[in-house]
S.K.: 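Just passing along the structure, written as structure tokens.
The figures here come from the full heavy-atom set of this structure, side chains too, leaving out hydrogens, waters and symmetry mates. We number each residue from 1, following the sequence as shown.
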Amino acid sequence: MSAPVLTTLLVANRGEIACRVMRTAKALGMTTVAVHSATDREARHSREADIRVDLGGSKAADSYLQIDKLIAAAKASGAQAIHPGYGFLSENAGFARAIEAAGLIFLGPPASAIDAMGSKSAAKALMETAGVPLVPGYHGEAQDLDTFRDACERIGYPVLLKATAGGGGKGMKVVEDVSQLAEALASAQREAQSSFGDSRMLVEKYLLKPRHVEIQVFADQHGNCLYLNERDCSIQRRHQKVVEEAPAPGLSPELRRAMGEAAVRSAQAIGYVGAGTVEFLLDARGEFFFMEMNTRLQVEHPVTEAITGLDLVAWQIRVARGEALPITQDQVPLNGHAIEVRLYAEDPSNDFLPATGRLDLYRESAAGPGRRVDSGVEEGDEISPFYDPMLGKLIAWGEDREQARLRLLSMLDEFAIGGLKTNINFLRRIIGHPAFAAAELDTGFIPRYQEQLLPAPAALSDEFWVAAAQAFAQSLPGMARADDPASPWALPSGLRTGLPREITLHLSCEGQDRALTLGAGSNAKLIGEQLILEHDGLRRQLRAIRREEVLFLQWDGELRRVETYDPISAVDASHSHQGGLTAPMNGSIVRVLVEAGQAVEAGAQLVVLEAMKMEHSIRAPHAGVIKALYCQEGEMVSEGSALVELEEA
């Protein structure tokens with residue numbers, strides 16, 4: 001049988017994974033096809049493709065989850081194969097079957113393997129039969145509240161509700177006691193239905209202080225299967241990975257082999273083909289429990305590529321062409337150490353709520369040996385509320401873990417993002433934390449060190465405000481001369497006919513305001529995007545980037561957003577909605593649980609908002625009576641929009 005012709009590849013995804021897959025496809029001489037929603041018409045993955053196809057719609061359900069539209073796009077563009085990326089339809093057996101029925105090639109496992117392992121419940125049952133250790137749980141078909149209540153009582157609280165058809169933290173809730181179960185189950189089911197088109201759930205015992213260790217497996221169509229070492233993905237927030245590394249620190253060769261061989265047996269038992277990941281929970285005693293199998297390429301695959309020197313997307317393409325795996329298990333490399341962090345548009349200080357808006361500033365760290373950035377955005381892009389908030393990933397490799405860690409810290413310091421909130425400072429604190437440096441890893445890392453990782457906002461120092469004023473003044477239009485920055489005509493306090501020798505600036509940064517007056521004798525210079533300050537013989541150099549009416553100033557390791565304001569016209573916006581509850585982000589109203597005139601208790605759920613594939617509850621901050629409702633189910637709302645007027649009892 002001749003190998004299938006594969007010259008044109010459609011990527012049924014968006015963002016950084018679409019860009020990453022297309023990069024390898026182009027390197028192999030293939031034509032790339034991007035699909036996009038109406039919102040993503042000018043997104044980076046669309047711009048980088050050779051051919052683009054408009055799916056229409058905005059929400060994933062109207063675009064990236066439309067199987068018929070994706071098949072039609074492949075046919076229209078001449079693509080012979082479809083790569084699903086991750087998320088969306090990547091683990092949907094119906095999608096795999098539809099691609100095969102259309103005479104196209106699916107760059108993923110057979111639909112039968114997705115059926116067996118794509119459902120967490122089915123995978124648990126299969127592993128139980130195969131004798132693989134399982135975490136105590138319920139993986140049955142019955143989905144009513146009474147069944148889950150009985151199962152939770154048998155398992156013992158706390159428990160973890162998980163969507164059987166998904167991943168990435170979507171449709172996943174920790175339940176501490178029975179009083180939380182009904183609300184958590186209903187919310188998790190809605191999230192699962194919205195993200196994966198399948199609301200079925202399972203429940204497991206929530207283990208304390210486990211490590212999340214996963215095995216990368218790869219199989220071809222000739223019966224060969226091997227494991228490409230392991231990754232530690234223990235550092236998570238909202239059950240979604242934030243930091244991943246390979247190999248897992250402290251794992252013995254014997255344990256690596258035992259976990260790897262178990263993963264290969266699992267894949268072979270279901271006739272697996274392509275890239276997949278078998279995920280385990282590893283306790284402090286070295287015992288591991290099967291958790292799930294992801295029948296797709298993982299977000300964190302770059303760290304495996306870094307320590308093996310392999311291109312896993314190239315392997316996917318070659319396996320789809322019918323080629324055999326190019327190496328044996330004994331030949332799998334393990335060189336050095338790699339660490340990856342996920343860069344999200346979100347607000348860590350506000351329970352990691354997703355952030356939307358325009359990327360006014362976006363600078364990636366410099367390329368070089370052991371440095372890699374996989375991203376799906378560019379400066380000027382709009383981040384919408386319809387999709388996952390991940391912007392990209394930073395990956396550092398070193399000859400050992402400490403070299404990789406220090407290199408990653410350097411990359412984070414070089415990165416510059418402005419215009420919306422991100423988790424970059426949070427990532428910097430994790431990678432720089434002494435416990436992370438000591439490889440003290442488990443899934444409770446972030447809650448344990450929350451005070452250091454998420455410190456309360458501190459008042460900005462006088463030194464910061466002076467530096468900010470100097471930088472802003474130096475960057476004001478007409479205030480500087482690129483040809484002669486030392487000229488008195490380039491100084492904000494220099495002689496100007498008809499203008500004062502002093503300049504007063506009213507500055508705002510991170511909710512704090514300050515008025516500063518700069519006079520003659522400034523010791524600051526702005527050369528390019530570097531602010532140079534001299535004081536008492538010390539010379540300090542800070543990054544200062546101007547974007548229209550905003551200045552981004554590097555201070556204490558963080559890029560601060562500084563703006564000017566008019567103190568006369570400044571009005572406290574909070575006065576306009578006394579007692580009002582507003583939308584914390586752009587999103588869609590999925591449930592309104594109260595009505596005008598209704599009395600509610602403190603903490604009562606009032607409105608449920610969906611943004612970036614996650615649900616967020618608006619709750620009553622105190623007991624009171626609903627005075628007015630300003631939203632309805634199905635309505636799109638903007639950040640800051642009034643939703644509910646609550647009158648205090």
Side-chain angles (χ1 to χ4, degrees), residues 15-17 87 168-170 212 233-245 299-300 302-303 339-365 372-377 379 381 383-385 387-396 405 408-433 435-436 441 443-458 510-511 552 554-561 584-587 611-614 616 639:
E16 62 85 20
I17 184 56
K170 309 298 187 297
H212 182 138
C233 308
S234 299
I235 297 185
Q236 305 177 7
R237 62 99 177 96
R238 284 186 162 179
H239 317 294
Q240 193 169 48
K241 302 162 189 172
V242 178
V243 182
E244 303 105 343
E245 55 185 299
V299 176
E300 56 271 21
V303 292
I339 308 174
E340 170 184 294
V341 291
R342 301 188 187 189
L343 180 62
Y344 285 101
E346 64 183 14
D347 185 359
S349 66
N350 190 15
D351 196 28
F352 298 97
L353 283 180
T356 58
R358 184 178 183 271
L359 280 173
D360 296 327
L361 172 66
Y362 183 80
R363 296 278 185 82
E364 295 182 354
S365 46
R372 171 174 169 179
V373 177
D374 283 10
S375 63
V377 296
E379 190 169 299
D381 285 354
I383 308 303
S384 83
Y387 315 112
D388 187 272
M390 188 169 71
L391 303 177
K393 306 171 301 197
L394 287 73
I395 306 100
R405 188 183 74 87
L408 184 55
L409 275 175
S410 178
M411 292 175 67
L412 287 165
D413 286 340
E414 292 174 13
F415 231 89
I417 306 177
L420 73 171
K421 291 185 180 296
T422 73
N423 67 336
I424 193 164
N425 296 326
F426 173 65
L427 295 174
R428 188 182 290 109
R429 294 185 196 109
I430 292 176
I431 304 303
H433 197 281
F436 182 83
L441 310 176
T443 56
F445 184 96
I446 290 175
R448 184 179 310 117
Y449 300 111
Q450 184 165 339
E451 289 187 5
Q452 295 111 305
L453 301 177
L454 298 168
E510 299 176 0
F552 297 98
Q554 197 85 24
W555 189 266
D556 288 341
E558 298 186 14
L559 199 64
R560 316 279 182 164
R561 179 188 177 99
M585 73 204 84
N586 298 345
M612 292 178 167
K613 296 160 65 176
M614 299 287 282
H616 309 277
E639 180 179 351

S.K.: Looking at R342, is its backbone amide N or carbonyl O close enough to the side chain of N423 to form a donor-acceptor pair, meaning the two atoms are under 3.5 Å apart?
M.R.: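 The answer is yes, because a donor-acceptor pair under 3.5 Å joins these two groups.
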S.K.: I'd like to know whether R238 forms a salt bridge (charged side-chain N to carboxylate O under 4.0 Å, His left out) with E346, so could you lay out the CA-CA distance, the side-chain angles of the two residues, the decisive distance to 0.1 Å, and finally the verdict.
M.R.: CA-CA 12 Å; R238 284 186 162 179; E346 64 183 14; over 6 Å; no
S.K.: Looking only at heavy atoms, which two atoms of K421 and A355 are closest? And how far apart?
M.R.: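 For K421 and A355, the tightest heavy-atom pair comes out as O-CB, 3.6 Å.
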S.K.: May I ask you to decide if G557's main-chain N or O and R428's side chain share a donor-acceptor pair within less than 3.5 Å?
M.R.: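 Looks like yes, one N/O pair under 3.5 Å.
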S.K.: I'd like to know if the side chain of R405 and the backbone of I431 have a donor-acceptor N/O pair within less than 3.5 Å.
M.R.: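 Here the side-chain-to-backbone pair exists.
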S.K.: Look up atom CD1 in I446 and atom CD1 in I430, then write down how far apart they are to the nearest 0.5 Å.
M.R.: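 Between I446 CD1 and I430 CD1, I get 4.5 Å after rounding to 0.5 Å.
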S.K.: Determine the interplanar angle of the Y362 and F415 rings, folded into 0 to 90°, and report it as parallel if under 30°, tilted if 30 to 60°, perpendicular if over 60°.
M.R.: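 Y362 and F415: perpendicular rings.
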S.K.: Look up atom CG in L343 and atom CG in D374, then write down how far apart they are to the nearest 0.5 Å.
M.R.: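 L343 atom CG to D374 atom CG measures 12.0 Å (nearest 0.5 Å).
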S.K.: Would a 4.5 Å heavy-atom cut-off, applied to side chains only, mark I395 and E340 as touching?
M.R.: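 Yes, close enough: below the 4.5 Å cut-off.
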S.K.: Give a yes or no answer on whether the side chain of S234 reaches the backbone of T443 with a donor-acceptor pair at less than 3.5 Å.
M.R.: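 A pair under 3.5 Å: no.
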S.K.: Indicate, with yes or no, if the rings of F352 and Y344 have centres closer together than 6.0 Å.
M.R.: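 No - the distance between ring centres of F352 and Y344 does not fall below the 6.0 Å cut-off.
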S.K.: With a 4.5 Å heavy-atom cut-off, do R358 and L420 have their side chains touching?
M.R.: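 The answer is no; the side chains never approach within 4.5 Å.
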S.K.: Would you confirm whether D351, through its side chain, and L353, through its main-chain N or O, come within 3.5 Å as a donor-acceptor pair?
M.R.: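 Flag not set: sc D351 to bb L353 has no pair under 3.5 Å.
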